[in-house]
**Student:** 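Below are the structure tokens for one structure; questions will follow.
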Amino acid sequence: MAEKLPPYLSSLNPEQLAAVRHEGGNLLILAGAGSGKTRVITTKIAYLVRERGVDPESILAVTFTNKAAKEMRDRAAAIESRCSRAVMRTFHSFGAWFLRRNAAAAGLDSNFTIYDDDDQTTILHGLLPQYNRSECSRLVQTISRAKDLGLDPDSPSLGTLLADPEARRIYAMYQEKLRSTGNVDFGDLIGLPARLLARDEAVRRRTRQRFRVTLVDEYQDSNVAQFELLRLLAGPTAEPAAWPSSDGEDPRSPRPAYVCVVGDDDQSIYRFRGAEVRNILRFPELFPGTEIVRLERNYRSFQSILDVAGQVVSRNSGRLGKKLVAERLGGAKPELALLDDEEAEAAYCARVCKERVAGGGRWSEVAILYRTNAQSRTFENLFVREKIPYRIVGSSRFYDREEVKDALAYLAMLCNPRDEVAFKRVVNKPARGVGETSVELVLDSAASLGGDLMAASRSPVEGLRGKARSGLKDFASLLGSLGESLGGKATEGDSLASLARLLVEDSGLLEYHRSQDEVAGTQKAANLEELVNAASLYPRSREGLAEFLETIELDRSIAGEQAEAADAVTLITMHNTKGLEFPVVIATGLEQGLFPREEEEGEDLEEQRRLFYVAVTRAKDELRLTSCRWRRLHGKLFETGPSRFLGEIDSSFLRRSTKAHAVAAARPFGSGSSSPGIRAGAARPDSSSAPPRESWRAGIAVYHEDYGAGYVLKVSPTPSSGPLVVVRFETGKQAQFFPKFTTKLEIAHE
DNA sequence: AGTGCAACTCTTTTT
DNA sequence: GAGTTGCACT
């Protein structure tokens with residue numbers, strides 16, 4: 001007997017519906033690629049609010065990316081508008097939110113600064129001047145991994161991670177520095193809330209009373225520290241939390257929250273950042289009463305594509321086990337193209353793109369996936385020449401640029417006068433004669449003022465004379481006037497951009513970079529303008545400034561970048577494709593030594609198989625794999641063998657590209673042991689694998705280094721100089737060349 | 001203090 | 001091959 005369901009539920013399949021309506025104990029949703037995971041989680045939130053009368057404010061939903069959090073918010077609110085009152089954030093953004101609301105209990109000011117890797121390195125470098133910056137950067141990495149594992153400097157098990165007892169001392173020093181200045185790093189955004197919850201009964205009770213339902217998306221990418229935080233948020237569980245609570249569990253505290261985690265153990269690809277697959281593998285054991293719902297129906301890809309993905313990932317041990325079944329049966333066999341080198345690979349991809357468009361498709365339907373960012377260049381070079389529109393997806397690093405960080409440091413000082421990293425960064429930028437020695441004096445002076453560096457800069461610092469003294473005064477008055485502008489009455493339509501503009505102009509940063517740009521050919525001034533522009537989205541107020549800074553600290557994607565409207569081919573790393581889908585996917589560089597890397601084995605190799613699985617399952621209609629015989633790495637040419645992953649796929653599941661080079665296609669491949677890895681220094685044979693001789697004839701497309709793209713109008717033979725080629729360029733220019741004597745003119749491939 | 005050149009190091013990187 | 005870092009020079 002079919003029950004009457006509202007439309008937003010009736011379109012779900014039975015497993016999805018079960019996951020949405022499940023209640024009682026905890027729930028683990030094992031959601032295969034393309035199984036409608038986001039739909040289930042957002043529908044579940046809406047269902048709880050609408051059908052089960054759950055107060056949206058008592059729902060906490062955490063994700064790993066800002067983009068995912070935004071999508072979750074939008075989609076849940078689209079079903080049920082009240083959902084927008086639920087707390088839907090990334091893990092880190094939730095941590096920051098929680099700490100600012102419980103700042104006093106956590107021993108922080110509510111306006112604390114969140115330091116990124118670069119800032120962390122600066123802190124450590126300040127503490128350990130005998131180490132150079134890159135050594136400090138390595139140490140910071142290790143400290144961050146320790147934090148991912150939820151380990152304090154005094155945790156007994158820290159020794160396994162930090163063999164050197166000195167490292168433990170450094171970690172402790174670093175941590176002490178953060179605490180004494182009242183600021184945090186990314187790891188603290190997870191660790192400090194967990195410790196606070198473990199230690200403070202009142203905070204714990206309040207928090208647990210508020211959040212009755214906790215959902216975690218992409219749970220397979222959580223680390224140990226995040227797992228501990230989740231456990232402390234949810235309430236009593238199988239094992240005691242890692243940190244001793246002062247008073248044990250209060251029997252009067254509310255019953256544990258309902259915890260629902262969603263993930264796919266086969267898509268765990270961030271181990272190198274501390275993600276712990278075992279969190280998902282052991283979830284049922286650690287959250288007692290857990291039920292598991294498997295979403296194994298794939299709505300995205302043809303079965304032929306899933307077969308390839310499944311064959312590789314099924315070689316992994318330690319999986320929860322899940323068989324993905326395509327709703328879309330059939331589909332063409334994925335194509336494997338064995339090519340000579342990167343140029344041939346790029347040309348192959350260009351051809352696929354053009355054929356798609358020629359067949360009525362759009363550029364944006366094709367995605368080219370690679371293992372490392374460096375691989376994008378060959379594609380870019382060719383696509384520019386061939387006029388194939390493309391976009392590169394990845395972090396823009398805009399907010400990592402020196403000039404942008406400088407401007408932001410001024411703003412950070414306004415928001416938090418105890419931000420030592422920001423102070424050191426800009427107190428003498430542009431140069432004001434405040435050198436290292438003077439900075440130390442100011443820091444000492446600030447120590448007696450509760451760490452207030454603004455106050456210390458204003459008051460006369462003992463021992464400072466002459467230029468250092470007047471320079472510091474200038475710095476203080478600049479910040480003072482900026483602060484006044486911030487505190488002053490904002491007029492209608494006035495945004496934070498006016499403050500940012502005042503800053504870049506009055507500090508002299510803009511002028512300095514304008515002149516530098518002319519000499520160095522950089523565009524730093526433009527970047528500062530861009531920053532001013534980004535600030536225009538926020539109101540000119542203390543709150544607006546704080547929000548602007550936190551958004552940048554937690555979300556490095558550039559505002560407005562989400563414009564995906566343009567019709568362009570996507571160039572993207574395999575890691576970055578998680579959660580995305582494309583009609584056509586070309587997974588490139590399937591070579592032993594590159595993907596996987598030569599030395600990878602065990603857990604690392606399994607993670608690479610999962611990455612392959614992620615990459616391949618992005619494809620909806622068409623999947624292509626490429627493998628090159630020659631690969632340039634770090635500027636050197638290597639002869640490679642096909643990826644062992646190709647050998648793990650039954651050859652009947654793939655079709656060889658007929659257009660791939662005959663010699664390359666003839667080379668054998670099989671299981672990893674027999675296939676050669678990258679061999680350095682092998683000489684390139686000239687006859688067998690060199691591209692065929694190019695021929696000049698009228699009508700073909702050409703590219704000239706100086707004049708750009710064009711086509712050949714006419715070719716006339718000459719007795720001794722080879723052909724004379726007359727070219728018409730797109731600029732309208734017409735010129736003739738002897739290809740024999742110039743390298744600037746070449747045939748545009750395909 | 002600011003610039004210039006040689007040496008080094010390279011995966012992935014949601015936060 | 002390219003970007004960054006560190007040291008040395010002025």
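Just so we're clear, the structure is a prediction, and the values are computed from it rather than from any experiment. Reminder, nothing fancy here: chain letters follow the sequence lines and each chain counts from 1.
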**Student:** Using distance alone, with no hydrogens and no angle criterion, decide if A/Glu403 and A/Tyr512 have a side-chain donor and acceptor under 3.5 Å apart.
**Tutor:**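 No.
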**Student:** Write down the distance between CG (A/Leu633) and P (B/dT9), rounded to a whole number of angstrom.
**Tutor:**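 Going from CG in A/Leu633 over to P in B/dT9 covers 17 Å.
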**Student:** Rounded to the nearest Å, what distance is computed from the OH atom of residue A/Tyr512 to the P atom of nucleotide B/dA1?
**Tutor:**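 Result: 14 Å.
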**Student:** Can you give the first and last nucleotides of DNA chain C, 5' to 3', that have an atom under 4.0 Å from a heavy atom of chain A?
**Tutor:**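 The protein-touched segment is C/dG1 to C/dG6.
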**Student:** Donor-acceptor pairs are to be reported for all side-chain atoms of residues 90-98 of chain A against protein atoms at under 3.5 Å, with residues two or more places apart or in another chain.
**Tutor:**
from	atom 1	to	atom 2	distance (Å)
A/Thr90	OG1	A/Ser93	N	2.9
A/Ser93	OG	A/Arg89	NH1	2.8

**Student:** Counting side-chain heavy atoms from CB outward, which of B/dT11, B/dG2, B/dT3 is closest to A/Arg371?
**Tutor:**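 It is B/dT11.
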**Student:** Hey, does A/Ala68 reach any base, or is it just sugar-phosphate, or nothing, if we go heavy atoms under 4.0 Å?
**Tutor:**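 Answer is nothing: A/Ala68 stays at 4.0 Å or more from every strand.
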**Student:** For A/Arg610 and B/dT12, give me the distance from atom CZ to atom C1', rounded to whole Å.
**Tutor:**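 Whole-Å distance recorded here is 13 Å.
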**Student:** I'd like to check the side chain to side chain donor-acceptor pair (under 3.5 Å) partners of A/Asn111; sequence neighbours left out, ordered by chain and number.
**Tutor:**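 In terms of side chain to side chain donor-acceptor pair (under 3.5 Å), with neighbours along the sequence ignored, A/Asn111 is linked to no residue.
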**Student:** Rounding to an integer number of Å, can you tell me how far A/Glu598 CD sits from B/dT11 P?
**Tutor:**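 Distance, rounded to whole Å: 17 Å.
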**Student:** Over how many whole Å does the gap from A/Arg133 atom CZ to B/dT9 atom P extend?
**Tutor:**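 Answer to the nearest Å: 17 Å.
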**Student:** Only counting residues at least two apart or in another chain, list the ones meeting side chain to side chain donor-acceptor pair (under 3.5 Å) with A/Arg273.
**Tutor:**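 Listed in chain order: nothing, the list is empty.
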**Student:** Sort me out a list of protein N/O and nucleotides 13-15 of chain B N/O pairs below 3.5 Å, or just none if empty.
**Tutor:**
from	atom 1	to	atom 2	distance (Å)
B/dT13	OP1	A/Thr573	OG1	2.6
B/dT13	OP1	A/Asn576	ND2	3.1
B/dT13	OP2	A/Asn373	ND2	2.9
B/dT13	O2	A/Arg273	NH1	2.8
B/dT15	OP1	A/Asn66	N	3.2
B/dT15	OP1	A/Asn66	ND2	2.6
B/dT15	O3'	A/Leu554	O	3.0
B/dT15	O2	A/Arg273	NH2	3.4
B/dT15	N3	A/Arg273	NH2	2.2
B/dT15	O4	A/Arg273	NH1	3.4
B/dT15	O4	A/Arg273	NH2	2.9

**Student:** Please identify each residue that fulfils side chain to side chain donor-acceptor pair (under 3.5 Å) with A/Asn316, with sequence neighbours left out.
**Tutor:**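 With neighbours one apart ignored, the set is A/Arg609.
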**Student:** So, using side chain to side chain contact (heavy atoms under 4.5 Å, CB included) as the criterion, who are the partners of A/Cys136 when residues are at least two apart?
**Tutor:**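 A/Cys136 satisfies side chain to side chain contact (heavy atoms under 4.5 Å, CB included) with A/Thr121, A/Leu124, A/His125, A/Tyr131 only.
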**Student:** Checking all strands, does A/Gln375 fall into the base, sugar-phosphate, or nothing category for heavy-atom contacts under 4.0 angstrom?
**Tutor:**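 The answer is nothing, as A/Gln375 stays clear of every strand by at least 4.0 Å.
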**Student:** Using side chain to side chain donor-acceptor pair (under 3.5 Å) as the criterion, list what pairs up with A/Ser507, not counting sequence neighbours.
**Tutor:**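 Counting only residues at least two positions away or on another chain, A/Ser507 forms no side chain to side chain donor-acceptor pair (under 3.5 Å).
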**Student:** Considering residues at least two apart in sequence or located in another chain, which fulfil the salt bridge (Lys or Arg N to Asp or Glu O under 4.0 Å) criterion with A/Glu218?
**Tutor:**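 If we apply the salt bridge (Lys or Arg N to Asp or Glu O under 4.0 Å) test to A/Glu218, skipping adjacent residues, the hits are A/Lys37, A/Lys578.
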**Student:** For A/Glu581, which residues count as a side chain to side chain contact (heavy atoms under 4.5 Å, CB included) partner, sequence neighbours excluded?
**Tutor:**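 Checked A/Glu581 against side chain to side chain contact (heavy atoms under 4.5 Å, CB included); matches are A/Arg300, A/Lys620.
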**Student:** Could you check which residues of residues 432-440 of chain A get a heavy atom under 4.0 Å from DNA chain B? Sort them by number, please.
**Tutor:**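 Residues of residues 432-440 of chain A that come under 4.0 Å of DNA chain B are, in numerical order, A/Gly435.
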**Student:** Hey, is A/Lys405 close enough to A/Asp116 for a salt bridge, meaning N to O under 4.0 Å?
**Tutor:**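 So A/Lys405 pairs with A/Asp116 through a salt bridge.
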**Student:** In whole angstrom, what separates A/Leu611's CG from B/dT12's C1'?
**Tutor:**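 Rounding to the nearest Å, CG of A/Leu611 and C1' of B/dT12 are 7 Å apart.
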**Student:** Looking at A/Arg432 and A/Asp474, is there a salt bridge between them, counting it only when a charged N and a carboxylate O are closer than 4.0 Å?
**Tutor:**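 Result for this pair is no, no salt bridge flagged.
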**Student:** State which residues pass salt bridge (Lys or Arg N to Asp or Glu O under 4.0 Å) with A/Arg469; sequence neighbours excluded, sorted by chain then number.
**Tutor:**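 In terms of salt bridge (Lys or Arg N to Asp or Glu O under 4.0 Å), with neighbours along the sequence ignored, A/Arg469 is linked to no residue.
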**Student:** Would you indicate what A/Arg632 reaches in the nucleic acid, counting non-hydrogen atoms under 4.0 angstrom: base, sugar-phosphate, or nothing?
**Tutor:**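 Since no nucleic acid heavy atom lies under 4.0 Å of A/Arg632, the category is nothing.
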**Student:** Between A/Glu607 and A/Ala431, which is nearer to the 5' end of DNA chain B once each is assigned its nearest nucleotide?
**Tutor:**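 The residue closer to the strand's 5' end, by nearest nucleotide, is A/Ala431.
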**Student:** Both A/Asn428 and A/Thr372 contact DNA chain B. Taking the nearest nucleotide for each, which residue is further toward the 5' end?
**Tutor:**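 In this pair, the answer is A/Asn428.
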